Number of protein chains: 2
Amino acid sequence: MTTPTTDTAQQFVEAWGAMGALWGINRSVARVHALLMATEAPLSLDGIAEKLQISKGNASMSLRELRTFGVVRQVEVPGDRRDFYVTEPDVWTMFFRILRERKRREFDPALDAIHQLLEQPGAKGEILGRLKQMSELLTTVEGVVNRFLKDPASSKAALAFVAGLPFNPKPKKR
Amino acid sequence: MTTPTTDTAQQFVEAWGAMGALWGINRSVARVHALLMATEAPLSLDGIAEKLQISKGNASMSLRELRTFGVVRQVEVPGDRRDFYVTEPDVWTMFFRILRERKRREFDPALDAIHQLLEQPGAKGEILGRLKQMSELLTTVEGVVNRFLKDPASSKAALAFVAGLPFNPKPKKR
DNA sequence: TGATGCGTTCAGAATAGTCTGAACGTACAA
DNA sequence: TTGTACGTTCAGACTATTCTGAACGCATCA
């Protein structure tokens with residue numbers, strides 16, 4: 001059997017599904033993704049729908065979403081005219097692809113809104129200062145994310161480096 | 001008038017409210033937060049409810065949430081027995097406080113779930129490998145976030161540094 | 001040509017998330 | 001003690017999101 005039906009695989013599917021919220025991904029989409037991650041062989045749309053107990057329609061839409069993220073792709077299976085799907089096997093690549101898509105969908109519009117507000121005159125002192133700070137913060141975060149997206153490989157190394165370094169407290173305040 | 005009713009302030013409240021999703025914060029909570037950010041003077045609960053056109057109950061719950069994030073605190077106004085609220089004025093500090101709370105609420109349980117799965121025997125080859133990768137990724141991200149939370153000041157500088165550096169492409173693959 | 005197998009779409013059902021407002025608790029003053 | 005002025009809670013109303021499944025379009029084949 002190429003599709004594991006083990007407890008571990010099932011638990012994994014559910015855990016990943018629940019975790020979807022953390023990544024801003026809906027439960028069905030995350031479960032489809034998890035199933036593909038837990039399965040080496042390509043799966044057909046109706047195979048996925050059946051295993052996860054969801055409708056074909058839902059499975060179809062979830063797969064479309066995953067393809068726009070770029071973490072799932074279609075493959076051909078000779079002698080079968082159904083579409084089959086496999087997932088990007090590298091978890092880090094997935095991570096960066098999801099990051100890119102979420103940035104595009106949510107972050108960029110937010111940054112635009114703040115910038116637009118800053119451009120129009122009439123902001124008073126207090127709010128103007130906070131708007132500027134906010135803009136600075138978002139722009140910084142954007143810069144970091146852009147850097148990551150441009151070079152995932154070295155970013156992964158950099159992340160590991162920062163994560164692994166022991167904490168070195170500053171001498172003293174004031 | 002210490003509470004601005006300017007267009008900019010209102011737009012800011014709505015923009016921040018819509019942006020809440022990006023930070024994993026609900027709209028009302030984000031709007032209350034934005035109103036406090038846009039207002040220098042402390043605001044009372046019913047003042048907030050009235051300005052945002054939300055119920056006292058909602059305002060009360062939103063303020064509680066903001067206090068658990070640590071981005072809003074109560075202040076006394078002499079001669080008034082109502083509770084008044086002000087927001088943490090520094091946007092970066094806010095950012096790190098929200099990061100900490102979201103990590104605690106969403107990230108830590110997810111990491112636990114993966115670790116628990118890894119501990120129990122019975123995972124097959126393919127899925128075991130992906131689980132390990134996932135665990136590695138989440139642990140790395142956790143390390144980075146922890147580092148940030150331990151020393152926000154230097155983290156801010158580090159972020160700005162990474163964001164500002166021009167991209168330096170690797171020589172060549174292979 | 002019609003029949004079959006497949007994937008997609010989308011109106012409406014089901015579910016999950018948010019908000020309201022009445023009821024309640026507390027503190028204080030008379 | 002009673003009355004008043006708050007803040008909080010939570011059942012139920014309301015709203016947004018997600019999911020289903022019937023209808024459809026497109027290939028393929030007889």
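Here the structure is a predicted model, which is why all the values come from computation and not from measurement. Sequence lines set the chain letters: A, B, ... in the order given, protein chains first and strands last, and positions in each chain run from 1.
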### Message
Please check if the number of heavy atoms outside B:Q74 that lie under 6.0 Å from its CD is greater than 12.
### Response
yes
### Separation of D:dA5 C1' from B:L45 CG (nearest whole Å)
13 Å
### B:I25 CD1 to C:dG17 C1', straight-line distance once rounded to whole Å
16 Å
### Message
Does a side-chain N or O of A:S55 approach OP1 or OP2 of D:dG21 to a distance below 4.0 Å, or not?
### Response
no
### Query
C:dA11 P sits how many Å from A:M61 CE, rounded?
12 Å
### Query
Pick the nucleotide of DNA chain C nearest each of A:R81 and A:G57; which residue has the one closer to the 5' end?
A:R81
### Query
With sugar-phosphate meaning primed atoms plus P, OP1 and OP2, does A:R31 contact a base, only sugar-phosphate, or nothing at under 4.0 Å between heavy atoms?
nothing
### Under 3.5 Å: donor-acceptor pair, side chain of B:R67, backbone of B:V72
no
### Length of the CG-P vector between A:D83 and D:dC26, whole Å
16 Å
#### Entry: Closest heavy-atom pair and its distance - A:W23, A:R102
O-CD, 2.9 Å
### Query
How would you label the contact of B:Q53 with the nucleic acid (heavy atoms, under 4.0 Å): base, sugar-phosphate, or nothing?
sugar-phosphate
### Query
Within the structure shown, what part of the strands sits under 4.0 Å from A:R64 by heavy-atom distance: base, sugar-phosphate, or nothing?
sugar-phosphate
### Message
In the structure I gave you, are the side-chain heavy atoms of A:R27 and A:E14 within less than 4.5 Å of one another anywhere?
### Response
yes
### Task
Give a yes/no on whether any side-chain N or O of B:R67 is located under 4.0 angstrom from OP1 or OP2 of D:dT8.
yes
### Query
Going by an N to O cut-off under 4.0 Å, is there a salt bridge joining B:K103 and B:E142?
yes
### Query
A:N58 has an atom CG; how far is it from atom C1' of C:dT15, in whole Å?
13 Å
#### Entry: Interatomic distance, B:R82 CZ vs D:dT8 C1' [rounded to whole Å]
17 Å
### Message
Counting only side-chain nitrogens and oxygens, does B:N26 get under 4.0 Å of the OP1 or OP2 atom of C:dC19?
### Response
yes
### Query
Rounded to whole angstroms, how far apart are NZ on B:K56 and C1' on D:dT8?
9 Å
### Atom-pair distance (CG on B:L63; P on C:dC19), nearest Å
13 Å
### Message
Counting only side-chain nitrogens and oxygens, does A:S28 get under 4.0 Å of the OP1 or OP2 atom of D:dC19?
### Response
yes
